[in-house]
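Heads up: the structure comes next, in structure tokens.
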2 protein chains.
Amino acid sequence: MSDSDGSVSKETGRPGRPKRTDARRNEKTLLDAAATVFVTSGVDAPVRDIAAEAGVGVGTIYRHFPTRADLIVAVYRHQVEACAGAGPALLESSATPHAALREWIGLFVDFLVTKHGLAGVLQSDNAGFETLHAYFLDRLVPVCSQLLDAAVASGEIRTDVEAYALMRGVGNLCVGADSDPRYDARPLVDLLVTGLRQPR
Amino acid sequence: MSDSDGSVSKETGRPGRPKRTDARRNEKTLLDAAATVFVTSGVDAPVRDIAAEAGVGVGTIYRHFPTRADLIVAVYRHQVEACAGAGPALLESSATPHAALREWIGLFVDFLVTKHGLAGVLQSDNAGFETLHAYFLDRLVPVCSQLLDAAVASGEIRTDVEAYALMRGVGNLCVGADSDPRYDARPLVDLLVTGLRQPR
DNA sequence: CCTTGTTCCGGAGCGGGGTTCCGTTTGATC
DNA sequence: GATCAAACGGAACCCCGCTCCGGAACAAGG
């Protein structure tokens, strides 16, 4: 969704008429504004705040990004793609598949904990965020699965853990990791990854 | 807070005048109603729903339980106390301290995942729930710490994990464990506890 | 440049949920 | 029964997400 050009729809492939220039401009403005507001007020920031920051009406936000999840996905798409792309690379550059998995998960955690409240909203039980949930899963679970399979193949880890569950668990451990100085998710995530190793 | 009698304040010890009988009755009614509604609609259920279930006005709820956290704490106090009490008992009955820790955490997880949304609201980043957070921590962290110390003393586990972090992590892993049939927190919690073991 | 059709925008307004506030009721006391 | 503080109820208020429509901005053709 939301091509830089807008002359074709990515989902259908049908050639939709290109967007008007003011519409394209507003979309960019909105992404910048949302990114700014997300940093200071978290991803749950009131829609009106984002609209104010961008200098547009709330209607404009909903026209470009029907759900909050769409907006969040658009803002963080680049970083998620980068994270997904790093998976195979780490698999080659690391000493063992398990080490690659550990490092990749570290990247994911670093991404999550620097976005106020993102982890908290990644849970599917929050109605209306299925899109967000789905995007992260579609993009990252396959990568995680690849790393996991490699580690299984090399005999380093147990075989009874699904990529989905692992991603979900790591995401959960990051909930509230910002906003509470007493809590650092990283050591616990490491513990989890350590626990994956075969107990022999 | 909220004595059965009300003739003395637990915090100050000063003898406050006893509550009126209708007030005491309403408090009980409210606890029952809240417990019922929590089961079906989760701990985030609208205040008005709870009021309706109890057959009282919303003002009455706020008078007895100024914040939602107060209400939740009052509803689940018994179970939390039971969990806390089970710690020392398990330490005696189990084969090793690590086994006791594993079982105790299992109890805690069972408690959390059967309460819709409780885990999700246990995070301190949710403004207004510091009371809830504080109560769970005050009550359970010392118990966890005791088990953890015993396991450290017996040389079973590593020494660099704080009770607070562990409790927090386990709680986090339980977020959304209900409401998503694809996600079961227990195996991951087990992984975490396994990861505690000394890697030697 | 003007016209016309269309897209896009702004923000008032609706509904829902949390919280407060105050006039009324009720229990306790004498 | 009279008195008075405690407790109650729910209307009212505010904040927020989301919708909707009258009008402004744009693109295309005359």
Side-chain angles (χ1 to χ4, degrees), chain A residues 1-3 5-7 9 15-31 33-34 37-38 41-72 117 121 126-132, chain B residues 1-3 5-7 9 15-31 33-34 37-38 40-72 117 120-121 126-132:
Chain A
M1 40 192 108
S2 67
D3 285 346
D5 179 348
S7 60
S9 153
R17 145 186 354 244
K19 281 188 189 165
R20 259 169 49 174
T21 59
D22 56 345
R24 245 199 330 268
R25 181 166 40 77
N26 267 328
E27 189 168 320
K28 273 200 145 44
T29 307
L30 271 174
L31 281 177
V37 174
F38 284 174
S41 310
V43 295
D44 297 315
V47 178
R48 282 182 240 258
D49 287 4
I50 303 172
E53 171 76 25
V56 303
V58 291
T60 304
I61 293 191
Y62 283 99
R63 193 163 314 105
H64 287 284
F65 307 100
T67 75
R68 180 175 293 268
D70 294 326
L71 181 55
I72 298 177
V121 105
N126 286 311
F129 287 91
E130 305 82 14
T131 308
L132 184 64
Chain B
M1 36 193 109
S2 67
D3 286 346
D5 179 349
S7 60
S9 154
R17 143 184 356 239
K19 281 188 190 166
R20 262 167 48 169
T21 59
D22 56 343
R24 235 189 351 257
R25 180 167 41 77
N26 266 329
E27 189 169 320
K28 273 201 145 44
T29 307
L30 270 174
L31 281 176
V37 174
F38 284 174
T40 57
S41 310
V43 294
D44 297 314
V47 178
R48 285 183 239 258
D49 286 5
I50 303 172
E53 172 76 25
V56 303
V58 291
T60 303
I61 293 191
Y62 282 99
R63 195 164 313 104
H64 287 283
F65 307 100
T67 75
R68 174 172 235 100
D70 294 327
L71 182 54
I72 298 176
V121 105
N126 285 312
F129 286 90
E130 304 82 14
T131 308
L132 184 64

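Values reported hereafter were calculated over all heavy atoms of this structure, with side chains retained and with hydrogens, waters and symmetry mates removed. Owing to the predicted nature of the structure, the values given are computational and were not obtained by experimental measurement. Chain A is the first sequence line, chain B the second, and so forth, proteins listed ahead of strands; every chain is numbered from 1.
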Find the distance [X]:[atom1] to [N]:[atom2] and express it as a whole number of Å.
X	N	atom1	atom2	answer
B:Asn26	D:dG10	CG	P	12 Å
A:Phe65	D:dT19	CZ	C1'	19 Å
B:Glu27	D:dC8	CD	C1'	15 Å
A:Tyr62	D:dT19	OH	C1'	9 Å

Listed by chain and number, what are the salt bridge (Lys or Arg N to Asp or Glu O under 4.0 Å) partners of [X], not counting sequence neighbours?
X	answer
A:Asp49	none
B:Asp44	none
A:Arg25	none

Is a donor on one side and an acceptor on the other found under 3.5 Å between the side chain of B:Ser41 and the backbone of B:Phe38?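 Side chain of B:Ser41 to backbone of B:Phe38, a donor-acceptor pair under 3.5 Å: no, none is there.
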Check: B:Glu130 side chain, B:Gly128 main-chain N or O, donor-acceptor pair, under 3.5 Å: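 Yes, B:Glu130 side chain to B:Gly128 backbone: donor-acceptor pair under 3.5 Å.
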B:Ile50 vs B:Leu71, side chain to side chain contact (heavy atoms under 4.5 Å, CB included): CA-CA, chis, key distance, verdict: CA-CA 11 Å; B:Ile50 303 172; B:Leu71 182 54; 4.1 Å; yes
Could you list the residues that satisfy side-chain contact (heavy atoms from CB on, under 4.5 Å) with A:Arg48, not counting sequence neighbours?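 A:Val58.
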Show every donor-acceptor pair shorter than 3.5 Å between a side-chain atom in residues 61-69 of chain A and any protein atom, with sequence neighbours excluded, or say none if there are none.
residue	atom	partner	partner atom	Å
A:His64	ND1	A:Glu27	OE1	3.4
A:Thr67	OG1	A:Ala69	N	3.3
A:Thr67	OG1	A:Asp70	N	3.2
A:Thr67	OG1	A:Asp70	OD2	3.1
A:Arg68	NH1	A:Val43	O	2.8
A:Arg68	NH1	A:Ala45	O	3.0
A:Arg68	NH2	A:Ala45	O	2.8

Using a heavy-atom distance cut-off of less than 4.0 Å, which residues of residues 48-61 of chain A contact DNA chain C?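 Those residues are A:Arg48, A:Gly55, A:Val56, A:Gly57, A:Val58, A:Gly59, A:Thr60.
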Measure the CG-CZ distance between A:Asn26 and A:Arg20 for me, rounded to the nearest 0.5 Å.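 Output value for this atom pair is 10.0 Å.
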Segment of DNA chain C, first to last nucleotide, that comes within the 4.0 Å heavy-atom reach of chain B: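 Here the contact window of chain B covers C:dG17 to C:dA28.
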When you compare the protein's N or O atoms with those of nucleotides 25-30 of chain D, which come within less than 3.5 Å of each other, and at what distance?
residue	atom	partner	partner atom	Å
D:dA25	N3	A:Arg20	NH1	3.1
D:dA25	N3	A:Arg20	NH2	3.4
D:dA27	OP1	A:Thr21	OG1	3.4

